[in-house]
There are 2 protein chains.
Amino acid sequence: MVGLASSVERRNGVSLWRQIADKILQGIASGDFAENAALPPEIALAERYGVNRHTVRSAIAALVQEGVLRAEQGRGTFVLSRKRLSYPIGARTRFSTGLQGQTSERHIALLSSSTEPATKRIAEALGIAKGAAVIRLETRGEADGHAVSRATTWFDAKRFAGIEAAMAETGSITASLKRFGINDYLRQSTVLSARHADADDLAAMDLQPGAIVLVTVAVNVTLDGEPIQFAESRFPAERVELRLSAGD
Amino acid sequence: MVGLASSVERRNGVSLWRQIADKILQGIASGDFAENAALPPEIALAERYGVNRHTVRSAIAALVQEGVLRAEQGRGTFVLSRKRLSYPIGARTRFSTGLQGQTSERHIALLSSSTEPATKRIAEALGIAKGAAVIRLETRGEADGHAVSRATTWFDAKRFAGIEAAMAETGSITASLKRFGINDYLRQSTVLSARHADADDLAAMDLQPGAIVLVTVAVNVTLDGEPIQFAESRFPAERVELRLSAGD
DNA sequence: AACCATTTGTTCGTATGTATA
DNA sequence: TTATACATACGAACAAATGGT
């Protein structure tokens, strides 16, 4: 009963229709299924993946819901076009300058801010004492009305008192830091990983459950090497790719 | 019935216990759950995530199966230490030099090789004519007996005839390139994304279904800027993180 | 030893979701 | 649409192991 060439797995906590939906997404990403063109008929897909036609239908229904496909009775199911943003990441990366040319409108929205004691990890990154007060900003990056990033950022509360107000007003980290005498800064280190989006990410970026996010954990420093900012950013993998430029 | 603080989602194709397992993995990664220490009791986890204790138990069972946790009746459930490899990625990254100090044994296994006509994308990257012959290498990177990467690499067949033999013999891209007079090379560009592992990745790297892979697409060039290699590499997100070094 | 609280392990039952035919 | 099988999730017990008092 199981298709020989089938690569879907049962009993692993991910339902078949979700796995098929992911396979279709992969097929679109890899060019197997061209954009703005019809998908193979449900029967063909069912055979290709070694599942029942109903299972394919569930997968397609989910992707239609997610805005990836459009189904038309009697005609077929079509792949809608959706290009990913290419987000440059390097020593001098800035949110707004990075996306120049790709979008017409972008900014960072401040979702919330708070002051809290620094955890060990944050204290070490910022070079302050553990438990010292830090300001945490929760932000969402937007481009052309779509959320393209979701970040949590920590600053030394003593050094950057009131930065949340500056952030809310300017909508830019770079501009806010200028008010504290920081005219330039570098990305000292970045650690990159990936995971499923959590509920917060899903809500903040309007993603579908099961979406994958790229996660960067970065420390920004002044030109003198003084750490000023510690940040974890999440990028939806379906909308954004990260580009490492050589000379950046 | 639904926990207020719950951040898991139902009816999305991913079972609750799998989501809880992912949350626990996240907790370990973020330091919420310390390594070599007891996890909170099942009851506490169930309450924290707003699910039944059985659901937490299913998640724990999966993670025990995956070698992440160890459960002991009457004592608790413990987080085994399993540091993720931190894989440096930058202009001068090399597989074996990059992991120095983190593992005792590493090499690249050549899974298969073939010669094929270049697609448009590969031809552009390598600066050759579309349809010209290219050598494709399928490789697996291993460290301490565990697969940590799976890559597909293309070389100009005219310029690097026989590189598959050199690769099989030396187990190193860098050493193989030396035989063709390339003593040094740079990573010109890297594009980073993430997706679910496909069947091939799962089999080649012995991953659990649903695993996430980091994907890099890179072009390597000689010091003169001549493109020599086009590669797509997949790294299991649960075992590897990518580190962008500032000066690299 | 006896007892206790804590924590994991097991077994019922019941309801709902998923997948096939 | 219906039927069937299995997986998932919850709830309420009870059993077994551990580390104390």
Side-chain angles (χ1 to χ4, degrees), chain A residues 1-25 41-66 73 77 196 198-199 208-210, chain B residues 1-25 27-28 32-80 196 199 208-210:
Chain A
M1 183 44 49
V2 177
L4 293 177
S6 168
S7 51
V8 287
E9 306 275 338
R10 288 130 215 261
R11 266 170 266 219
N12 60 4
V14 183
S15 59
L16 263 187
W17 63 263
R18 185 72 260 177
Q19 294 182 59
I20 301 305
D22 286 343
K23 288 214 154 281
I24 293 173
L25 285 176
E42 292 171 355
I43 291 280
L45 289 173
E47 192 161 332
R48 173 197 293 226
Y49 298 127
V51 299
N52 191 276
R53 174 167 168 257
H54 291 303
T55 308
V56 170
R57 284 183 59 75
S58 296
I60 289 176
L63 294 176
V64 167
Q65 180 66 28
E66 290 172 30
Q73 191 171 100
T77 303
H196 286 117
D198 61 28
Q208 292 302 120
Chain B
M1 181 48 49
V2 177
L4 293 176
S6 166
S7 52
V8 287
E9 305 278 337
R10 287 133 213 262
R11 267 170 262 221
N12 61 4
V14 182
S15 62
L16 265 186
W17 64 261
R18 184 73 260 178
Q19 295 181 61
I20 301 304
D22 287 343
K23 288 212 154 284
I24 293 173
L25 285 176
I28 294 170
D32 253 10
F33 305 139
E35 287 190 1
N36 301 313
L39 222 55
E42 294 169 352
I43 292 279
L45 290 174
E47 192 160 334
R48 173 196 296 225
Y49 298 127
V51 300
N52 190 274
R53 176 169 164 246
H54 285 302
T55 308
V56 170
R57 283 183 58 74
S58 296
I60 288 176
L63 295 178
V64 167
Q65 178 67 28
E66 291 172 29
V68 178
L69 301 176
R70 183 186 66 246
E72 290 181 35
Q73 187 170 143
R75 295 221 315 136
T77 303
F78 300 86
V79 180
L80 302 178
H196 285 117
Q208 295 297 120

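No hydrogens, no waters, no symmetry mates; every other heavy atom, side chains included, goes into these values. Order of the sequence lines sets the chain letters (A, B, ...), proteins ahead of strands, with each chain counted from 1. Only a predicted model underlies this, so the values are computations on that prediction, with no experimental measurement involved.
- Between the CG atom of B:Leu69 and the P atom of C:dT7 there is a distance of 16 Å, rounded to whole Å.
- Summarising the geometry, the separation between CZ on A:Arg18 and P on C:dT18 is reported as 12 Å, rounded to the nearest angstrom.
- Nucleotides of DNA chain C nearest to A:Asn52 and B:Gly76 differ in position, and the one nearer the 5' end is that of B:Gly76.
- For the OP1/OP2 pair of C:dT8 and a distance below 4.0 Å, the side-chain nitrogens and oxygens of B:Thr77 include at least one atom meeting the criterion.
- For B:Glu42, taking side-chain heavy atoms from C-beta onward, the closest of the listed nucleotides D:dA9, C:dG9, C:dT20 is C:dG9.
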What are the atom names and distances for every N/O pair under 3.5 Å that joins the protein to nucleotides 18-21 of chain D?
none

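- Note on A:Ser58: nothing from the nucleic acid sits closer than 4.0 angstrom, heavy atoms only.
- Counting only heavy atoms from C-beta outward, the side chains of B:Thr77 and B:Leu63 never approach each other to under 4.5 Å.
- Taking 4.0 angstrom as the limit, B:Arg57 places a side-chain polar atom (N or O) nearer than this to OP1 or OP2 of C:dG9.
- Across the protein-nucleic acid pair, B:Leu39 atom CG and C:dG9 atom P stand 12 Å apart, rounded to whole Å.
- Between B:Val79 and B:Asn36, every side-chain heavy-atom pair lies at or beyond the 4.5 Å cut-off.
- Applying the side chain to side chain contact (heavy atoms under 4.5 Å, CB included) criterion to A:Ser58, with sequence neighbours excluded, gives A:Trp17.
- Side-chain to base pairing of B:His54 with C:dT10: no donor and acceptor N or O lie closer than 3.5 Å to each other.
- Rounded to an integer number of Å, the gap from B:Ile43 CD1 to C:dT8 C1' is 10 Å.
- Atom CZ in B:Arg70 sits about 17 Å away from atom P in C:dT7, given to the nearest Å.
- Under the 4.5 Å side-chain criterion, counting only non-hydrogen atoms from C-beta, B:Val56 is in contact with B:Ile60.
- Following rounding to the nearest Å, B:Trp17 (CH2) and C:dG17 (P) show an atom-to-atom distance of 19 Å.
- Rounded to an integer number of Å, the gap from CD1 of B:Ile20 to P of D:dC10 is 8 Å.
- Counting non-hydrogen atoms of neighbouring residues, nucleotides and ligands closer than 6.0 angstrom, the CD atom of A:Glu42 exceeds 12 such neighbours.
- The environment of B:Glu72 atom CD is dense: over 12 non-hydrogen atoms of other residues, nucleotides or ligands sit within 6.0 angstrom.
- With sequence neighbours excluded, no residue forms a side chain to side chain contact (heavy atoms under 4.5 Å, CB included) with A:Ala61.
- The separation between B:Glu47 atom CD and D:dG11 atom C1' is 15 Å, rounded to whole Å.
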